[in-house]
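Structure, as structure tokens:
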Amino acid sequence: MLIYALRRLLQAIPVIILIMIGTFLLLKLTPGDTVDALVGDMGGADADFIARMRAEYGLDQPVWVQLWRYMVKLATFDMGQSFVYEQPVATVLMDRLGTTLLLMATSLSLAFSIGITLGAFAARRAYSLTDNLISTLGLVFYATPSFFLSLMMMLLFSVKLGWLPVGGIKTIAGFYTGWDHVVDVARHLIMPTAALSLIYLSFYLRLMRSSVIQVADQDFVRTARAKGAGETRLMVHHIMRNALLPAVTLFGLQFSTLLGGSVVVETIFTLPGLGQLAYQSVIQRDMNTLMGIIFLCSIIVILVNFLTDLLYARLDSRIELS
Amino acid sequence: MTVLDTDLRPAEPPRYVVFWQRYRRNRAALLGLGLFAIVVLMALTAGLVDPGDPLRRAGLPLVAPFVDAANPLGTDQLGRSILSQLFYGARISLLVGVVATLVSIIIGIVIGALAGYFGGWVDDLLMRITEAFQTIPNFVLLLTLVAILGSKIEWITLAIGIVSWTAPARMVRAEFMSLRNREFVDAARNLGVSNTSLIFREILPNALPPIIVYASVIMALSILLESALAFLGLGDPNYASWGNMIGQGRAVLRTAWYCSAIPGIAIVLTVLSFSLLGEGLNDAMNPRQKQ
């Protein structure tokens, strides 16, 4: 198991290096560099001074040297300075990370649990009215953009009914502590979670439906039924356990798309997370922060994929670890 | 008994007839085709419905739907007709959807074909690049590309294509790996056919059906990506776009919710039509596949 884990980690290294090169290229493609930004901030400077600053930042070096220095810095999580926040990018990102991870966790658990339940339910009654209803629901969920759903939920639950707060992560003048704080944050997260999880819910639903139908057809299920196992036991012990495997892989695969989706949802609900920061950085042309977000998000995605792979290997005994 | 008396099988109906018969069996797919036809019709007749600029003032601001005969679906806060924006928006959505899908499939085919056909270090390198693209959250990459390239519709379409080629590349690679050692490929290779024509003339046509089915998924995702960009105000401001309409409608959500609801429903139905079309195509092209 340990060797398998180490080998998986080693495989991630070339991908991380490629992403580093990618962010470097994107930075180079952006019109203007660090010195341009600084000089712009100062209100201009003479050519001599600009040349000296370029030398100081290493921008006069060949591209290869610059790339190498950039990668060495990134490897120690030094992502440069944000010119908008006047802080190191790493500090800005760490402030925002918690909110995004919380939103990811709630959305994925919601999508996973409800999607799997509905999918299994539909599969047990395959091609019936219930199945058609659930499958249609899944298609509509898939087709609904998260921002549209967010607005419609806001309209219903915040504007018309007044049940839920429109945005933010907590009531600013509330100063809640303890449980009150938790309840307050939870109330703020209900709509963003629903908006973000819907499309993934439909993915899990569809996958689980076909997976259960497939597994239910196999010999060991028939054997169990012949031995007199009840339908519930059959479903829970024999079918679900095997049908869940593909859903676990999807967990890792969809994580990066989910992070991307958080940009829209966090911006709408003014949640102070990485997604909102990404949007603001684009508007404010804060490229260092934007590259930092790309790099940090990629590391998170790689970690999540690594963990799901380990979980998968643990769950599916057919996989050889050596 | 002469040869002429032999029981000849009736001639097979032409391919497209068989295709249509298979497609027709799926009622949901027919619904999808209908919805799709409506969207195409909207895109084509946009100029007839409103020959002027859809972004000009057409009446008083915030007229509710079904009140004013000149603006049947009402107007937004700047007095622009929602109906004509809806029709012109269909044009942009379809255009972005089709072109971005073509871009992503072409990139996907080239990368997937090279990786699957040659294997070895080419495959390793190309697959690591694919993985890197898959690792970066695609919407964040799209935002970055738009920040660098600018908000012109051509660049947005290209950027959407660039962030969505990984799935088709993986599919093409898998198809190529299973096809490259088949007998017909060996036969062609022994006849001295070059690598290029082996890839594009022998293997690719056989690898295409699943990619064509998947194109409907990319098309739906491209439309969603474009509308999300436009919603955030990063779309091309010179064209009417459904996402942009919803984004603008957000400011008047409290009083005039129809401004964002109408284009929202248009997006849902369009994306739904692509999903249903895809399922129908899948049934028609892979009739033996078990669901």
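By convention in this document, chain letters (A, B, ...) are assigned in the order of the sequence lines, proteins followed by strands, and residues within each chain are numbered from 1. Just so we're clear, the structure is a prediction, and the values are computed from it rather than from any experiment.
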Please determine, among S260(B), G233(B), G243(B), G247(B), the option with the most heavy-atom pairs under 4.5 Å with chain A. S260(B)
Heavy-atom distances under 4.5 Å only: say whether L258(A) touches chain B with side chain, backbone, both or neither. neither
If you measure from the Lys or Arg side-chain nitrogens to the Asp or Glu carboxylate oxygens, is any gap between D131(A) and R124(A) under 4.0 Å? no
Check against side-chain hydrogen bond (donor to acceptor under 3.5 Å, both in side chains), N244(B) and S241(B): CA-CA 5 Å; N244(B) 199 8; S241(B) 152; 6.0 Å; no
Below 4.5 Å from any heavy atom of chain B, which atoms of L139(A) appear? Answer side chain, backbone, both or neither. both
N/O donor-acceptor pair under 3.5 Å between S158(A) side chain and L155(A) backbone: no
Determine which residues belonging to residues 141-166 of chain B lie within contact range of chain A, meaning some heavy atom pair is under 4.5 Å apart, and list them by number or answer 'none'. L141(B), L143(B), T144(B), L145(B), A147(B), I148(B)
Closest heavy-atom pair, Q276(A) versus T270(A), reported as atoms and distance to 0.1 Å, is NE2-CA, 3.7 Å
When the aromatic ring centroids of F148(A) and F231(B) are compared, is their separation below 6.0 Å? no
Contact class of A28(B) relative to chain A, heavy atoms under 4.5 angstrom: neither
Count the heavy-atom pairs under 4.5 Å between each of T257(A), L26(A), V159(A), L259(A) and chain B, then report the option with the highest count. L26(A)
What residue in N138(B), L234(B), L232(B) has the most heavy-atom pairs under 4.5 Å with chain A? L232(B)
Please test Q134(B) against R170(B) for side-chain hydrogen bond (donor to acceptor under 3.5 Å, both in side chains), starting from the C-alpha separation and ending with a verdict. CA-CA 11 Å; Q134(B) 272 182 322; R170(B) 281 178 174 274; 3.0 Å; yes
Taking the six-membered ring for Trp, is the centroid-to-centroid distance between Y239(B) and Y88(B) below 6.0 Å? no
Partner chain B: residue of T30(A), I19(A), I17(A) with the largest heavy-atom pair count (under 4.5 Å): I19(A)
Would the distance check show the side chain of S216(B) and the main-chain N or O of V213(B) forming a donor-acceptor pair, the cut-off being under 3.5 Å? yes
